[in-house]
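Written below as structure tokens is the structure these notes are about.
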Amino acid sequence: MSKFIAPRAPKGFRDFLPETMLRRNYVLDCIRDVFHLFGFEPIDTPILELHETLFGKYGEEAEQLIFTAQHGRSRREPLAMRYDLTVPLARVVGQYESQLNLPFKRYHIAPVFRGERPQRGRYREFWQCDADTVGVASISADAEIVIMMHEILKRLGFPQFLIKINHRKLLVAIGEFSGVPQEQLPDLYRSVDKFDKIGADGVKGELIERGIDGEAVSRMMDLIQSKAPGDNSLDFIAETIGSEDKGLDELRQLADLLTDAAVESEHYDFDFTMVRGLGYYTGPIFETVISEPNLGSISGGGRYDNLIGMFRRQSLPTTGASFGLERIIDLMDELKLYPPQLGGTLVQALVTVFNEETRSDSARIGVQLREAGINTEVYLGRRKLGRQLAHADKKGIPIVAIAGPDEIEAGVVKLRRLADGSEMTVEPHALAAAVSDMLTDR
RNA sequence: GUGGAUGUAGCUCAAUGGCAGAGCACCUGAUUGUGGUUCAGGCGGUUGAGGGUUCGAGCCCCUUCAUCCACCCCA
């Protein structure tokens, strides 16, 4: 006798039923369309990587969250589940360099795995949608990424979002100008990154607690908090530091390129308190937040010119961004941003089956509708008509085709639109067109 | 990894230490050619699991598991 097993998915892993998958696919299609429009092409890589490929890239703390994997009998190749899509990209570039045309613009939409404690907007398996440009040192590549982020969020229908932009080199310059010693810079960034959560005083306190000179902290806080519309905050920093900085210069170019591309100024902002945790960034960095409701960042990215060098004799300048699918979904659920025609089913028509004698007539109607590209379900059970209509209604199928003895006798099909109860009787040659009409005309 | 809250029907939740309930969902019928409304009836429980206290535990105590929240970190 088999034992009963309480069904459940592992902690932080989730199942998706059809209704949810329809929404996920809608968002994925939207993101993919924009990637295509900007000329990015798809790649995929295995879920498992060699242990040595992943470790040593993210920093000690992050690497405690990497799932490792082993095959029962073979322990020759220690394996690990991918933690993001960026390191696999670096590996692929190192491995297939000769087959890639530089600049290489690739996108990658796939699940990644992190052994964190799950919470809303935070799971152990989640999908990232990455787009990166390999082999371009110019800031134009970074600008393209930001323009694309803007386009995606517009298309998804977010009424308000903010792409925060900063620059690693500028952060270093600000730190040095303020007199924070080089070796304390990581501590500095870690605290500054919490600015949104704990506020200016919180950051200040934390920094002084970490033993950074109080005066240096004050100087730096004044600098990074300088907020002014558009590039004016860049001017303020330039004046204060007194010399043009490489990072600052690049951000100015970036701002010009965004303006040229008609990126709306309300949707991006230079924010010198935004840091990003991952260690491999070297240039401009981006992060998108939606403040209401706040689920953390929904996309992030930046320039990482040295990472590929870990898989290749010489590195290649690279920049890109990543969208977190589940956070976008969670936000869209809450803000109800899905188009109304995205119902609970993709079935557009249900063909009822009056009795077993008429089943073949119903089947022919189904064939006809499918040939016309209409997603059609021919009822498979043997229940009375009322039950079949109830099934369509509950599932959200908009059109029901009825072919009982009367219709078959007359050589027609009766169509009923459930939303308003309207009915029409059509001859076979007009069937598909009539269904299409009923689907579109509301 | 640290701290907090919560686990009762498929779902959302009630129930002074004293008969385990409601709404929704589901099934049947009113209605053998028409759904979403209405009405009548029905199905549904090892109260997360294990132990303890008690005449008696969903309720109190201990253990454990799970979920959610806040940190940490991040998408």
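Remember, it's a predicted structure, so these values are computed and weren't measured experimentally. No hydrogens, no waters, no symmetry mates; every other heavy atom, side chains included, goes into these values.
B:G17 is unpaired under the criterion used here, namely a Watson-Crick or G-U wobble arrangement in which both key atom distances are under 3.5 Å. Under the Watson-Crick or G-U wobble criterion, with both distances below 3.5 Å, B:G33 has no partner in any strand shown. Using the Watson-Crick or G-U wobble rule with both distances under 3.5 Å, B:U12 pairs with B:A22. In this structure B:G41 sits in a base pair with B:C27, meeting the Watson-Crick or G-U test at under 3.5 Å. B:A70 is paired with B:U2 under the criterion used here, namely a Watson-Crick or G-U wobble arrangement in which both key atom distances are under 3.5 Å. Searching all strands for a Watson-Crick or G-U wobble partner of B:G7 with both distances below 3.5 Å returns B:C65.
B:A14 sits 14 Å from B:C60 when the P atoms are compared, rounded to a whole Å. Taking atom P on both nucleotides, B:A57 is separated from B:G1 by 36 Å, rounded to a whole Å. B:C24 sits 36 Å from B:C61 when the C1' atoms are compared, rounded to a whole Å. A gap of 16 Å separates the P atoms of B:A9 and B:A20, to the nearest Å. Only the P atoms considered, B:C65 is 23 Å distant from B:U46, to the nearest whole Å. Taking atom C1' on both nucleotides, B:G21 is separated from B:U47 by 12 Å, rounded to a whole Å. One C1' atom belongs to B:G29, the other to B:C55, and the distance between them is 47 Å to the nearest Å. Nucleotides B:U53 and B:G17 place their C1' atoms 12 Å apart, quoted to the nearest Å.
Considering only side-chain N and O atoms, A:Arg117 lies nowhere under 4.0 angstrom from the phosphate OP1 or OP2 of B:U2. At B:C71, none of the side-chain N or O atoms of A:Lys194 fall inside 4.0 Å of OP1 or OP2 (strictly under the cut-off). For the OP1/OP2 pair of B:A70 and a distance below 4.0 Å, the side-chain nitrogens and oxygens of A:Gln119 include at least one atom meeting the criterion.
Residue contacts shown for A:Gly386 are limited to sugar-phosphate atoms, with no base heavy atom under 4.0 Å away. Residue-level contact check: A:Ala390 touches the backbone only, with heavy atoms under 4.0 Å from sugar-phosphate atoms and none from bases. Counting non-hydrogen atoms under 4.0 angstrom, A:Ser322 reaches nothing in the nucleic acid. Within the nucleic acid shown, A:Thr352 has no heavy atom closer than 4.0 Å to any nucleic acid atom.
B:C73 atom P lies 8 Å from atom CG of A:Asp193, rounded to whole Å. The interatomic distance linking A:Arg120 (CZ) with B:C74 (P) rounds to 20 Å, in whole Å. One atom, CD1 of A:Ile298, and another, C1' of B:A75, lie 9 Å apart when rounded to the nearest Å. Rounded to a whole Å, the OH atom of A:Tyr123 is 13 Å from the C1' atom of B:C69. The separation between A:Asp420 atom CG and B:G35 atom P is 16 Å, rounded to whole Å. Taking atom CD1 on A:Ile152 and atom P on B:A75, their separation rounds to 16 Å, with Å as the unit. Atom NE2 of A:His391 is separated from atom P of B:C26 by 13 Å (rounded to the nearest Å). Summarising the geometry, the separation between CZ on A:Arg114 and C1' on B:A75 is reported as 6 Å, rounded to the nearest angstrom.
Taking the six-membered ring where the residue is Trp, A:Tyr304 and A:Tyr281 present perpendicular rings, their angle passing 60° and hence far from 30°.
Checked by atom type, the side-chain pair A:Asp142/A:Thr319 shows a donor-acceptor distance below 3.5 Å.
The existence of a salt bridge linking A:Arg359 and A:Glu356 is confirmed by a sub-4.0 Å separation between a basic side-chain nitrogen and an acidic carboxylate oxygen. Using a 4.0 Å cut-off between a side-chain N of Lys or Arg and a carboxylate O of Asp or Glu, A:Arg120 and A:Glu334 qualify as a salt bridge. Between A:Arg23 and A:Asp333, at least one side-chain N (NZ, or NE/NH1/NH2) sits under 4.0 Å from a carboxylate O, which counts as a salt bridge.
Going from atom CZ of A:Phe16 over to atom CD of A:Glu326 covers 5.5 Å, rounded to the nearest 0.5 Å.
Geometrically, A:Arg14 engages A:Tyr123 in a cation-pi contact defined by less than 6.0 Å to the ring centre and at most 45° from the axis. A cation-pi arrangement, defined by a distance under 6.0 Å to the six-membered ring centre and an angle within 45 degrees of its axis, is absent between A:Arg124 and A:Phe113.
Closest contact between the side chain of A:Ile402 and the listed nucleotides B:A75, B:G33, B:C69 involves B:G33. Checking B:A75, B:G35, B:U34 against the side-chain heavy atoms of A:Phe126 singles out B:A75 as nearest. In this structure, of B:G33, B:U34, B:C73, it is B:G33 that holds the atom nearest to the side chain of A:Glu407. Distance from the side chain of A:Arg416 is smallest to B:U34 among B:U28, B:A75, B:U34.
The base of B:U34 lies outside donor-acceptor range of the side chain of A:Gln388, with no N or O pair under 3.5 Å.
Put simply, A:Phe354 does not rest on the base of B:G33: the two rings are not both less than 5.5 Å apart at their centres and under 30° in tilt.
For A:Lys384 and A:Glu61, each mapped to the nucleotide of RNA chain B holding its nearest heavy atom, the one lying further toward the 5' end belongs to A:Lys384. Residues A:Arg327 and A:Lys414 each lie close to RNA chain B; by heavy-atom proximity, the contact nearer the 5' end of the strand is made by A:Lys414.
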